[in-house]
Amino acid sequence: MSYFPDEVIEHVFDYVTTHKDRNALSLVCRWWYRIERLSRQRVFIGNCYAISPERTLARFPALRSLTLKGKPHFADFNLVPQDWGGFVFPWIENFARSRVALEELRLKRMIVSDESLELLSRSFPNFKSLVLVSCEGFTTDGLAAIAANCRQLRELDLQENEIDDHRGQWLSCFPDNCTSLVSLNFACLKGEINLATLERLVARSPNLKVLRLNRAVPLDTLQKILMKAPQLVDLGTGSYLTDPHSETYSKLKIALLKCQSIRSLSGFLDVLPRCLPAFYPVCSNLTSLNLSYAPGIHGSELIKLIRHCVKLQRLWILDCIGDNGLAVVASFCKELQELRVFPSDLNDIGHAAVTEEGLVAISAGCPKLHSLLYFCQQMTNAALITVAKNCPNFIRFRLCILDPKKLDPVTAKPLDEGFGAIVQACKSLRRLSLSGGLTDQVFLYIGMYAEQLEMLSVAFAGESDKGMLYVLNGCKKLRKLEIMDSAFGDVALLTDVGKYETMRSLWMSSCEVTLGACKMVARKMPSLNVEIINEHDQTEFCPDDDEQKVEKMYLYRTMVGPRNDAPEFVWTL
Amino acid sequence: MEMIRTAKFEDADHEDHLNLSLGLPGSEAREKQPPRINKRALPEDADQDSRSSSKCGRSDGGNGKTQVVGWPPIRSYRKNNTQTVKKTPESEVAAANNYVKVSVDGAPYLRKIDLRVYKSYPELLKALENMFQLTIGNYSEKEGYNGSEYAPTYEDKDGDWMLAGDVPWEMFVCSCKRLRIMKGSEARGLGCA
C-alpha cells in the first residue's frame, strides 16, 4: 500500500462509511490515521461531553455531518433532571465561527434552544438536514427560522420531541421557491397547522418522499396531499376520521391506489377503524408499520389490517393486539425483523394484554426476527428458551415485564435460565435489557456468553456485587451499562476501574454505591467524569460523608475534563 | 394499605400527617442523620422490607398504587402522548359509533348518520346539507337558523325537542337520540325567543 499516493487511499476510504469501520482504519498506522481524519465528513459523537467542538474540528476539518447525543439513556424515563445538560448551542456557535460547511445535524436527547436553531439556520448556507430525536428546549419559532433561512433544506425530521407550539405560521416560512424538501416529519407537534400552506408546500416539493403529519391535519387534507404526492415512500397520517360514506373517503381511496411507493406507514393518531380499508392496497407493499400511537385501532380491525401486510419487516404496535393478534402476525408477516410491543394502558399495569405466549408465537413464525422490544405481563423460562432456539439471530433483545421482579409464574423461579438461553444462543447479541426476578446467575451467563454485547440495561436485579463483576469482567465489548435499583455496590464499582475507560458510560441509580467509592473512581481515573446527581437532596446531602449512598451516579470517559455547564445539582468529583 | 415508615418522602408533603412513625412525636428531625439507605421500596415488597427507611421516588399513581420513577421504562414522550382507550367489547362498539335517525319534513324516508364521525356542528350540518340537498344556514344564538327554510332539531335524553347548536358539541353528541330537520313555518317559529 505504500506505493499508492494519498489520493488513491482516500478514494478507497470513500467506500468505507460506517463509523466503526472508519475508526478501525484510523488505527492501522499514522499515515492512514492522517488520511482518514482529513477525509472524514460524517462524524458521530455518542456523548457530547466526551470531546469538545474545537478538538472535533481539529481532528476532522472536513466535517459536514455531525451526530450528537446528549443525556444518558435513562433520561428517557425521567431519571435525569431536565436541566442536567446536553446543550447543542456551543457546538453550533463554534462551528459557525469556524465556518464549517455543515450540511447535516442529527441530535438525540439534547437541549436545543430557538437561539441555536436561528444561529444554525443563518450560519451554514449548504445546510440540508436536521434530525431531532427526543430533544427539548425549542419552540415553533425555531422551526420558523429553519424553514425561512435554510435554502437548501431537504430534511426536517422531528421525532418525539417536546416542542412548545406557539401556533405561529412556521410552515408558511418556507419560501415559495423552496422546492427541495425530501423529508418532513412534524408528527410530534401539538398545535394547529395552516392546511392550505401545507398543501401548497407539498405541491411544490416533487422530491418529497417522507411526510409525517400531526394530529391537526384532518383526513380531508390528507386526501388532497396524497393526490399531489403519489411518490411518497413514508407516510404518517394525522387525524384519520371521516364518514366512510362521504365523498372525501372515496377520493382518499382513489388517491391511495395511486400511491404505489409507500413502504412505511404510521400515525392514525385519532382514528375511525372503519376507514382503514382504504389502506389495504398500500398494506401489501409495506415494510414498516407503526401503530403504536393509535390506541383507537384494536381487535378485529387491527388483525384485518395486518393480514394484508405480508412484506412487513418492522412492526411497532400496542399490546392491545393481544397474544392472539401476535399469532396472526406470526402467520402472515414472515419477513418480520423488528418488533416493538408497547403497553397501551399505563395506569393498569397488572393487566398488560400480552404474555409469553405471544412472543413464542412470533419467534416460531418469524425466523428473521433480530430486534425486539416487548412489554408484557409475564414471562417464563420455558418460553425464553424456546424463543432462543427459534431465533438465534437476535441483535437487540429488550424485554420488560411490567411488574418488576416478577418470577416465572409457572415455576416460581427467577428468569436467569431463560435469559441465559438467549445470550448463549444469540451470538450476535449487541443490546440487552433485562427484567423480572433475576439473581446473580443471569449475570454469570451474560459474562460468559454475551461476547458481542455493547449495551446492557438492568433494573431491580441481582443479589450481590458478583453480578456486576461477572458482566464487567466478561463482556469485552461492553460500551454502555445502565443499572437502576439493583444490589450492586462499592466492590463491584471499584474492582476494575480501568474498564470504564473502554466504555462510553456507566449509570447507576438507587444502588448500593457510596460517595466514597465514587470519589475513589474519580481519583484513580482522571480520564473519567464522575457525576453525582442530587436533585432533591441539596440540603440533606453531605459532601464529606463518604458512607452515604449515592442516589444517581453517571460516569463517562472524556478527553476534555469536567464540563463547565453542569447545573448546581450535578457534582463532578 | 398503610405502611409503617420512618422516612419522609420528598414529594409527598401532603401525606406526612398520614405516615405513622416509630418514636416520640417531634423526633422526626433526628431521623435524617443516619446514612440514608437509598433503596427504593417496590409497591409489593414495601411491607416486607423492614429496612425501608427509604427514599421513594414516587410519582402519583392516581389509582392508589405507588409507581416508581423510571419504571416502566417508557419514553416520557410516549407516556404523555398515549391516550388509553378502554377496551371492553361493549364499549368498543359504543365508543366507535353513535348512529341516530335523521328525518326531514317532507322526505319519504329517514336516514341514519353516525354522530361520532363529526367533530363539530358545522361538519354535521354540512353533511346533512349534502345528504338531503338542502340549505340549513348558519347558527346564531339569538336567532337560531333564521334566514333558512330549515332548522335542525334533536330529541334529547329527556324526550324534549331542542334546537341543535346551543350546547357544546360533545354534550350534544351524548344527549342526541334522533335528529329532525324541520321545514317551513314551524322552523321559523323556533328562531323567535
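Just so it is clear: chains get the letters A, B, ... in the order the sequence lines come, proteins before strands, and each one is counted from 1.
Judged as a ring pair (Phe, Tyr, Trp, His ring centres under 6.0 Å), and not counting sequence neighbours, the contacts of A:Phe488 are A:Phe443. With sequence neighbours left out, the ring pair (Phe, Tyr, Trp, His ring centres under 6.0 Å) criterion links A:Phe77 to A:His73, A:Phe74. With sequence neighbours left out, the ring pair (Phe, Tyr, Trp, His ring centres under 6.0 Å) criterion links A:Phe397 to A:Phe394.
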### Derivation of the side-chain hydrogen bond (donor to acceptor under 3.5 Å, both in side chains) call for B:Tyr77 and A:Glu136
CA-CA 11 Å; B:Tyr77 176 87; A:Glu136 61 187 347; over 6 Å; no
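Interface remark: A:Cys188 contributes backbone and side-chain atoms alike to the contact with chain B (heavy atom separation under 4.5 Å). Proximity to chain B (any heavy atom under 4.5 Å) is restricted, for A:Leu269, to the backbone atoms N, CA, C and O. With a threshold of 4.5 angstrom between heavy atoms, B:Asn130 does not approach chain A through any atom at all. Interface remark: A:Ser435 contributes side-chain atoms only to the contact with chain B (heavy atom separation under 4.5 Å). Of the atoms belonging to A:Asp270, it is side-chain heavy atoms, and not backbone ones, that fall under 4.5 Å from chain B. Using a 4.5 Å cut-off between heavy atoms, A:Ser239 touches chain B through its side chain atoms alone.
Counted within 6.0 Å of NZ on B:Lys79, heavy atoms from surrounding residues, nucleotides or ligands total more than 12; the atom is thus considered enclosed. Annotation for B:Asn81: atom CG counts as buried by contact number, over 12 foreign heavy atoms lying within 6.0 Å.
The contact list for residues 118-129 of chain B toward chain A, using heavy atoms and a distance under 4.5 Å, reads B:Tyr118, B:Lys119 by residue number.
The closest side-chain donor-acceptor pair between A:Glu160 and A:Ser134, if any, does not fall under 3.5 angstrom.
Among A:Cys275, A:Pro218, A:Ser292, the residue making the largest number of heavy-atom pairs under 4.5 Å with chain B is A:Ser292.
A:Lys251 contributes atom NZ, which lies 7.5 Å from atom CG of A:Asp220 (distance to the nearest 0.5 angstrom).
Across all non-hydrogen atoms, the minimal contact from B:Gly165 to B:Tyr145 is CA-OH, 4.2 Å.
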